[in-house]
Student: 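Once you've had a glance at the structure underneath, I'll fire off some questions.
The chain is numbered in sequence order, starting from 1.
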Amino acid sequence: MTRSDGHQRDVNTAAGPIGWPEGVTAAACLTFDLDAEAAVLSTDISSVDRMSPMSHQSYGPLVGVPRILDMLQRHDLKATFFVPGYTAHRYPATVRSVAEAGHEVAHHSYFHENTTGMDARTEADMLDLGIKALQEVAGVTPVGYRAPMWELNYHTPRLLEERGFLYDSSLMDADHPYRLAVDERPQAGSIVQVPVSWGLDDWEQYAFLPGLIGSGVIESPAKALQMWTWELEAMHRLGACFVLTCHPFLSGRPSRAEALERLIERMKELPGLWITTVAEVARHTASLDLAPRTCPQPRIPEQAYWVPRRP
């Protein structure tokens, strides 16, 4: 595509490897989306009257988070918890315990809203309410954001930059962190992008509530451990950034937590692997002299009149 300054922007160049701090060859981030009830209620608000599905979700803040915090303490590791504002309001003691243990508390919407197609004004209000909730409950102003279901709108990066966010962790077009231009203008500002992937999400392995979420196939922790270990080792060889996404109501269950601990043990065996928060990876990336990249919206040539257009 052509930029407004007349120069071509190459959309075919992937984000390349970055230089890590001295002694570091790759990075790994353990991240936990503390969705609790919001992940189900945003799918079907009538579930608010269903006690059993709500108990399934409350397992995360009540049981999963304490178990995960104990595990992280045993291994002397810091993680990133992406927290919807509604979860902070409903479980303030749990969210404060995360912050008090020294972990990063990052933004994950207010109500785990499906933001697909959400207009910029509504999304801005959602971001602001989520920020306010984390400030009120945990005394934290988040520097990082993860969109519910990793669904960014093309206006979302600009909204994040306007609110002083350092990074987002929702896109999937790279193995390495990079600077993301907030829009396609040549003078646009940027934030850091720390990419994710569906293969490194426990939702795809474990999530199931009849009629609400998941495919109905609940995988073995052994399978998840094998998948994640292979990806960890491959990304370590590439000098990349491994970002695992877990949900305390899923990976906080006993056998799954044991699988996660085995993965952590493997992480600690890999030479030069920096196990840290997403914010620390983003701060390091921001310190580098990287040219911002875009993730430009596809544009369909008018000559291809037969291709369907959006409403």
Side-chain angles (χ1 to χ4, degrees), residues 27-44 47 53 56-61 63-65 67-68 71 79-84 87 106 108-109 111-116 144-152 168-175 177 193-236 238 240-264 266-267 278 295:
C29 300
L30 296 166
T31 74
F32 300 91
D33 291 4
L34 220 174
D35 299 340
E37 292 92 339
V40 171
L41 293 176
S42 60
T43 299
D44 182 0
S47 298
H56 180 270
Q57 298 306 113
S58 68
Y59 185 93
V63 181
V65 169
R67 179 171 288 140
I68 289 164
M71 180 195 312
T80 298
F81 287 74
F82 290 93
V83 183
T87 301
H108 193 41
S109 78
F111 199 65
H112 205 269
E113 299 88 345
N114 184 347
T115 59
T116 304
Y145 177 71
R146 172 173 287 166
M149 296 162 285
W150 293 331
E151 283 283 356
L152 284 192
D168 169 74
S169 184
S170 305
L171 299 182
M172 310 182 193
D173 59 347
D175 296 320
Q193 178 61 220
V194 183
V196 292
S197 77
W198 285 110
L200 292 175
D201 189 334
D202 67 349
W203 189 285
E204 301 310 300
Q205 306 305 315
Y206 303 141
F208 177 59
L209 273 173
L212 287 171
I213 58 174
S215 65
V217 177
I218 300 177
E219 300 288 359
S220 162
K223 179 202 170 192
L225 175 60
Q226 182 187 59
M227 287 177 55
W228 297 340
T229 300
W230 284 12
E231 191 73 3
L232 169 69
E233 293 171 347
M235 296 190 83
H236 177 257
L238 291 172
C241 183
F242 172 94
V243 180
L244 182 68
T245 300
C246 294
H247 299 76
F249 73 91
L250 297 173
S251 285
R253 297 278 174 177
S255 64
R256 299 167 184 176
E258 287 194 6
L260 180 57
E261 188 153 20
R262 293 184 192 186
L263 181 70
I264 288 172
R266 179 59 182 142
M267 284 180 173
V278 185
C295 184

Student: Working to the nearest 0.5 angstrom, can you tell me the gap between Met235 CE and Leu200 CG?
Tutor: 7.0 Å

Student: Are any non-hydrogen side-chain atoms of Phe208 and Val217 less than 4.5 angstrom apart?
Tutor: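 No - every pair of side-chain heavy atoms lies 4.5 Å or more apart.
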
Student: Walk me through it: do Leu34 and Phe32 pass the test side-chain contact (heavy atoms from CB on, under 4.5 Å)?
Tutor: CA-CA 6 Å; Leu34 220 174; Phe32 300 91; over 6 Å; no

Student: To the nearest 0.5 angstrom, please state how far the CE atom of Met267 sits from the SG atom of Cys29.
Tutor: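 If we round to the nearest 0.5 Å, Met267:CE and Cys29:SG are 8.5 Å apart.
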
Student: For Arg262, does the CZ atom sit with more than 12 other heavy atoms under 6.0 Å from it, leaving out its own atoms?
Tutor: no

Student: Considering all heavy atoms of both residues, which atom of Ala147 and which atom of Asp168 are nearest to each other, and what is their separation?
Tutor: N-OD1, 4.3 Å

Student: If you take all heavy atoms of Ala39 and Thr43, which pair is closest and at what distance?
Tutor: O-OG1, 3.2 Å

Student: Can you name the side-chain hydrogen bond (donor to acceptor under 3.5 Å, both in side chains) partners of Glu219, sequence neighbours left out?
Tutor: Lys223

Student: How many angstroms lie between CG in Asn114 and CD in Glu151, if you round to the nearest 0.5 Å?
Tutor: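 Here the rounded value is 6.5 Å.
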
Student: If I compare all heavy atoms of Ser170 with all of Tyr145, which pair ends up nearest, and what's the gap?
Tutor: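 Between these two residues, the closest heavy atoms are OG-O, 4.4 Å.
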
Student: Side chains of Gln57 and Leu209, heavy atoms from C-beta outward: is any pair under 4.5 Å?
Tutor: yes

Student: What heavy-atom pair brings Asp35 and Thr87 nearest, and what distance separates the two atoms?
Tutor: O-OG1, 3.2 Å

Student: Taking Gln193 for its side chain and Leu171 for its backbone only, find out whether a donor-acceptor pair lies under 3.5 Å.
Tutor: yes

Student: What's the separation between atom CD in Glu37 and atom OG in Ser47, rounded to the nearest 0.5 Å?
Tutor: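 If we round to the nearest 0.5 Å, Glu37:CD and Ser47:OG are 11.0 Å apart.
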
Student: Side-chain contact test, heavy atoms from C-beta onward, threshold under 4.5 Å: evaluate it for Arg67 versus Pro254 and give yes or no.
Tutor: yes

Student: With heavy-atom distances below 4.5 Å as the criterion, would you say the side chains of Arg256 and Leu260 are in contact?
Tutor: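 No, side chains not in contact.
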
Student: Strictly below 4.0 Å, N to O, side chains only: are Asp33 and Arg146 in salt-bridge contact?
Tutor: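 Result for this pair is yes, salt bridge flagged.
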
Student: What distance do Ile68 atom CD1 and Cys246 atom SG have between them, rounded to the nearest 0.5 Å?
Tutor: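 Here the interatomic distance stands at 7.0 Å.
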
Student: Indicate the ring-plane relationship of Trp203 and Phe249, choosing parallel, tilted or perpendicular according to the 30° and 60° boundaries.
Tutor: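 If you compare the ring of Trp203 with that of Phe249, the planes turn out perpendicular.
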
Student: Where do Ser42 and Phe111 come nearest, in terms of heavy atoms and distance?
Tutor: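 The answer is CB-O, 3.5 Å.
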
Student: Answer yes or no: is there a donor N or O on one side and an acceptor on the other, between the side chain of Ser169 and the main chain of Val196, under 3.5 Å?
Tutor: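 No, because the side chain of Ser169 does not come within donor-acceptor range (under 3.5 Å) of the backbone of Val196.
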
Student: Using side-chain heavy atoms (C-beta onward) and a distance below 4.5 Å, is Tyr206 in contact with His247?
Tutor: no

Student: How close do Thr31 and Val278 get, counting heavy atoms only, and between which atoms?
Tutor: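 In terms of heavy atoms, the two residues are closest at CG2-CG2, 3.5 Å.
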
Student: Quick one, Trp228 and Asp202 - any side-chain contact, counting heavy atoms below 4.5 Å?
Tutor: yes

Student: Are any of the side-chain heavy atoms of Ser109 and Thr115 separated by less than 4.5 Å?
Tutor: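 Side chain of Ser109 against side chain of Thr115, heavy atoms only: no contact under 4.5 Å found.
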
Student: Identify, with sequence neighbours excluded, every residue that meets side-chain contact (heavy atoms from CB on, under 4.5 Å) alongside Gln226.
Tutor: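 Checked Gln226 against side-chain contact (heavy atoms from CB on, under 4.5 Å); matches are Trp230.
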
Student: Taking atom CD of Glu113 and atom NE2 of His108, what is their separation to the nearest 0.5 Å?
Tutor: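 NE2 of His108 is found 10.0 Å from CD of Glu113.
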
